[in-house]
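To keep things clear, I will list the structure first and then write my remarks on it.
None of the values given here were measured: they were computed from a predicted structure. Chain letters run A, B, ... following the sequence lines, proteins first, then strands; residues in each count from 1.
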There are 2 protein chains.
Amino acid sequence: MLIEPMEAAYSPLYAQIKAILVDRIASGQWKPGELIPNEFLLASEFNVSQGTVRKALIALEAEKLIDRQQGRGTYVARHTSETSLFHFFRMVGLDDRRVTPSSRVISQKLCVASKEIAQALDVELGTRLHCITRVRDMRELPAIFERIYVPQALMPSLEIRPGATMVDEMYVIYQEHFGVTIAHASERLGAVSATREQARLLSIEDGAPLLEITRIGRNVTKKPVEFRVSRCRTDVFRYATEIT
Amino acid sequence: MLIEPMEAAYSPLYAQIKAILVDRIASGQWKPGELIPNEFLLASEFNVSQGTVRKALIALEAEKLIDRQQGRGTYVARHTSETSLFHFFRMVGLDDRRVTPSSRVISQKLCVASKEIAQALDVELGTRLHCITRVRDMRELPAIFERIYVPQALMPSLEIRPGATMVDEMYVIYQEHFGVTIAHASERLGAVSATREQARLLSIEDGAPLLEITRIGRNVTKKPVEFRVSRCRTDVFRYATEIT
DNA sequence: GAGTGGTCTAGACCACGGT
DNA sequence: CCGTGGTCTAGACCACTCG
């Protein structure tokens, strides 16, 4: 019996607890990598039983917002190059084995949101955005041509050295430098023909078919934060997904 | 304390219960659509508490093997055109709205498993397969060219009338006629150029880029049952996936 | 051994779908 | 009204990590 507002739509206790915990993570009160109080402490704080807190925590773990480790404790999820790639990067070789990309930044510019991007990011038309163009190599091959758009307001000092080879994932940078955690993403896939520029950068024939992935990245509160378009060679790589 | 074999790897009670229930579904002892015993009955059958059974049932529901309905009971999941499409068919319009395909069968033949297909279906090279070729229309447009391979041994009398417009999903047919339930699938996506035949059937230009989806469909025990290659127009449709 | 999350139990009560 | 699944509690014990 946490809250009992008149006329309230019914919501189970564990869902209310969960919402409170999400808020603590979203607001930065609990930061990525931080150890949060154990189940009994949370239970006594909210005056509920440990089992109820547990149910909220299990739900948060399923959403990958926290990381529970038996014997150690519960931590706020943190992006690492590893986990970020494993979670958000779906390309595999024809042998079905995961590949690790590295990236070369072609350019970083400021631009304004087009109609499509403004709608995707839920911002005003003309909002100022960072626009990063890069090529990602996989197994020594140039494989992905990528444009990334993020609102300048969210990450004022975002600065990627053009030409530098990047090991770190963008999502690690967002989180560690700007406190922005990408927790969910929507992807739309289609097939397109390579433009002349893309063909040159990817060492393929002009007009060759490319897999185009359009992604909207969202933070823990599901607000859109990043828009990205990736054009991938699929002569030696595939996009992998499981339906369960 | 269900089983306690010497040297056994530790496995929680609810996982053992779950395995038993999966087996009852896989073996056909409980058939799709059937009402299964309630939580207390199962609990007393296995001599565990209701909460333990519940945990197994919740896991099965997450895997979409059963359908739990408050106030009514728990049913073995059944494919319907609706649920099958909603679960396995990922194409959406550019407006992000779901589309419902209909299909025209071009041909049905018998063939033998190539190396690639034999490996995918985990059968011997040369195993006899049904091979169905069809075109799927979406919003009055020919949109997908598709080849489906299933072992003849699994579905001896599979017979689709060429030319007939199909409303029913293949997966509904597999389940209702042959007791084969597709419960999981792996998909690999890439971009390819349309062959002349495909271009003609899809009313697009020769060599136009198509999204190629290679799917391995698996039954409830995760054994591969169907191999399918779909080539999709993505000028007005997209493949949609969420990363959560 | 102390502390954490994971499992399991037993029982109470609630919300929902039918009769 | 009954029977179902859904929530919540309180407490016991198990498995893992670390000092």
Side-chain angles (χ1 to χ4, degrees), chain A residues 1-21 24-25 30 33-78, chain B residues 1-21 24-25 30 33-78:
Chain A
M1 71 205 74
L2 255 200
I3 61 173
E4 203 79 46
M6 308 280 273
E7 308 275 346
Y10 172 71
S11 165
L13 258 184
Y14 73 84
Q16 299 174 39
I17 308 279
K18 184 187 154 195
I20 295 173
L21 301 182
R24 288 191 182 175
I25 295 173
W30 287 344
E34 196 174 325
L35 178 67
I36 73 176
N38 72 38
E39 298 178 348
F40 286 98
L41 285 172
L42 290 172
S44 74
E45 176 184 349
F46 298 126
N47 287 302
V48 298
S49 80
Q50 178 240 14
T52 301
V53 169
R54 171 183 293 272
K55 196 158 181 185
L57 292 174
I58 287 172
L60 289 179
E61 185 179 38
E63 292 181 22
K64 297 202 159 53
L65 294 187
I66 60 173
D67 184 16
R68 287 158 68 72
Q69 297 177 36
Q70 181 171 157
R72 291 169 54 85
T74 298
Y75 298 83
V76 179
R78 204 175 91 198
Chain B
M1 67 205 80
L2 256 200
I3 61 174
E4 203 82 41
M6 307 279 276
E7 307 275 348
Y10 171 71
S11 164
L13 259 186
Y14 72 84
Q16 298 175 37
I17 306 280
K18 183 187 155 195
I20 295 173
L21 301 183
R24 289 193 181 174
I25 294 173
W30 288 344
E34 196 174 323
L35 178 66
I36 73 176
N38 72 38
E39 298 179 348
F40 285 98
L41 285 172
L42 290 173
S44 74
E45 176 185 350
F46 297 126
N47 287 304
V48 299
S49 80
Q50 178 240 15
T52 301
V53 169
R54 170 183 293 272
K55 197 158 181 184
L57 291 175
I58 287 173
L60 289 179
E61 185 180 38
E63 292 181 22
K64 296 201 160 54
L65 294 188
I66 59 174
D67 184 15
R68 288 158 67 71
Q69 298 177 35
Q70 182 171 157
R72 290 167 55 84
T74 298
Y75 299 83
V76 179
R78 206 177 88 198

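Atom CD of A/Gln16 and atom P of D/dG6 are 19 Å apart (whole Å). B/Leu35 places its CG atom 13 Å from the C1' atom of C/dG18, with the value rounded to the nearest Å. The distance between atom OH of A/Tyr75 and atom C1' of D/dC18, rounded to the nearest whole Å, is 10 Å. Separating the CG atom of A/Leu13 from the P atom of C/dC13 is a distance of 16 Å, rounded to the nearest angstrom. Rounding to whole angstrom units, NZ of residue A/Lys55 and C1' of C/dG5 are separated by 18 Å. For A/Gln50 and D/dT7, the CD to C1' distance is 15 Å, given to the nearest whole Å. Distance A/Leu42 CG to C/dT4 P: 11 Å, rounded to the nearest Å. As a whole-Å value, the separation of B/Glu39 CD from D/dG3 C1' is 12 Å.
Remark: the A/Arg54 side chain and the C/dG5 base include no donor-acceptor N/O pair separated by less than 3.5 Å.
Expressed to the nearest 0.5 Å, how far CG of B/Leu35 lies from CD1 of B/Ile66 amounts to 11.0 Å. Rounded to the nearest 0.5 Å, atoms CG (B/Leu13) and CZ (B/Phe46) are 11.0 Å apart.
Between B/Ile25 and B/Ile36 there is no side-chain heavy-atom pair separated by less than 4.5 Å. Contact check for B/Trp30 versus B/Leu21: side-chain heavy atoms found under the 4.5 Å cut-off.
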For residues 48-55 of chain B, which side-chain donor-acceptor pairs fall under 3.5 Å, sequence neighbours excluded?
unit_1, atom_1, unit_2, atom_2, d
B/Ser49, OG, B/Gly51, N, 3.4
B/Ser49, OG, B/Thr52, OG1, 3.4
B/Gln50, NE2, B/Glu39, OE1, 2.7
B/Arg54, NH2, B/Glu39, OE1, 3.1

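For DNA chain D, the residues of residues 60-73 of chain A within the heavy-atom distance limit of 4.0 Å (strictly under) are A/Gln70, A/Gly71, A/Arg72, sorted by number.
Dashed line: the shortest gap from a side-chain N or O of B/Thr52 to OP1 or OP2 of C/dT7 is not under 4.0 Å. At the phosphate of D/dT4, neither OP1 nor OP2 sits under 4.0 Å from any side-chain N or O atom of B/Thr74. Side-chain N/O atoms of B/Tyr14 include one lying less than 4.0 angstrom from OP1 or OP2 on C/dT7.
By the neighbour-count criterion of 12 heavy atoms within 6.0 Å, atom CZ of A/Arg68 is densely surrounded, having more than that number from other residues, nucleotides or ligands.
Across all their heavy atoms, B/Lys18 and B/Ala56 have their closest contact at N-CB, 3.8 Å.
Closest-nucleotide positions on DNA chain D for A/Phe40 and A/Pro12 were compared, and the one nearer the 5' end corresponds to A/Pro12.
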